[in-house]
Amino acid sequence: MRILKTVKEMQLHARKLRAAGKSIALVPTMGALHEGHLSLMRKARIDGDVLIISIYVNPIQFGAGEDYQGYPRDLEHDMQLAAGVGADIIFAPTDEQMYPAGFKTSVRVAELEQRLCGAARSGHFQGVCTVVAKLFNIIGPDYAYFGQKDAQQAQIIKRMAADLNLGVEVVVLPIVRDKDGLALSSRNSYLSPAERRAALVLYKSLQLARDLIDAGERQAEAIKQQMQGLIQSEELARLEYVSVCELENLTEVTTIQPNTLIALAVKVGQARLIDNLLLETV
Ligand code: PAF
């Protein structure tokens, strides 16, 4: 496994791979790798001739007062995990490499960036799109892998890749959960044992939604109210939003239909956690 730290090295290497007819599968990450990332890497390992993992905590996707400084970083451990799933290359650039002096350009996906998490995290998706567009341009992957846990991010990146003809297939893979249902997230490491128990309310509220729908409920408002009630009953949880929306455009729906996404964000202690349920069929 090779570690590349400069944009130039990565570009040259990727160019050689493409010239040799190799397909490239890219898993973009901010490190602090967990089983969710590894599930993306295992699929990417199967799909591409070459598996590249980017590890970069992207400063421009964190707002003021967010957890950029404290975001977990452990490159050595991440490299061991990536080697364990057969990664060929780790691309781990510095800030100076990604955003050299004079950097001014950004990529935005209008409307989608403002919905759901975008309402409380102004500029977040602009930061995500800008760094992901840069990674796609530097590496030129055939496939790129994202987790369904970040459903809005995945939809926005799909839109960006299609709109800008980036020539990459964006693959979105299912949420990976702990045994008790908590969605895996690098931010779970911020939780105390009591907060970890409280954080289960996200999954429980989605299960409640599932049960209501299975029992025939189709009204989005009724489902939202029940979910909100459950979350508010958890003392350590502070609800940011519950959204019942259409997957592609992330616009709120009044009635549940195929491809409705039920998504929520909840703060527990220092951690801002998100989770969701995609209803492919109803
Ligand atoms: O999901 C993440 O880890 C990040 O938002 C991403 C896609 C690697 C961009 O920094």
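We count ligands from 1, going down the list as the structure has it; atoms in each ligand are counted the same way.
Atoms of ligand 1 lying under 4.0 Å from any heavy atom of Val131, numbered from 1 in the order shown and given with element: 9 (C), 10 (O). Residue Thr29 has at least one heavy-atom neighbour below 4.0 Å for each of these atoms of ligand 1: 8 (C).
Atom CD of Glu248 is surrounded by 12 or fewer heavy atoms from other residues, nucleotides or ligands within 6.0 Å. Other residues, nucleotides and ligands contribute at most 12 non-hydrogen atoms within 6.0 Å of the CZ atom of Arg2.
Salt bridge absent: Arg272 and Asp67 never bring a charged side-chain N and a carboxylate O closer than 4.0 Å.
The closest protein non-hydrogen atom to atom 7 (C) of ligand 1 is Gln153 NE2, 3.5 Å.
Contacts between Ile157 and ligand 1 below 4.0 angstrom, taking non-hydrogen atoms only, are absent altogether.
The nearest non-hydrogen atom to atom 4 (C) of ligand 1, considering only Lys134, His124, Gln61, comes from Gln61.
Placement of Ile90 and Leu4 in two distinct hydrophobic clusters is found when ILVMFWY residues are connected by side-chain heavy-atom separations under 4.5 Å, directly or transitively.
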Using a 3.5 Å cut-off and no angle test, enumerate the donor-acceptor pairs between side-chain atoms of residues 27-44 and protein atoms at least two apart in sequence or in another chain.
residue, atom, partner, partner atom, Å
Thr29, OG1, Gly31, N, 3.0
Thr29, OG1, Ser54, O, 2.8
His34, ND1, Gly36, N, 3.0
Glu35, OE2, Arg42, NH1, 2.7
Glu35, OE2, Arg42, NH2, 3.1
His37, ND1, His34, N, 3.0
Ser39, OG, Gly36, O, 2.7
Lys43, NZ, Asp47, OD1, 2.8
Lys43, NZ, Asp47, OD2, 2.8

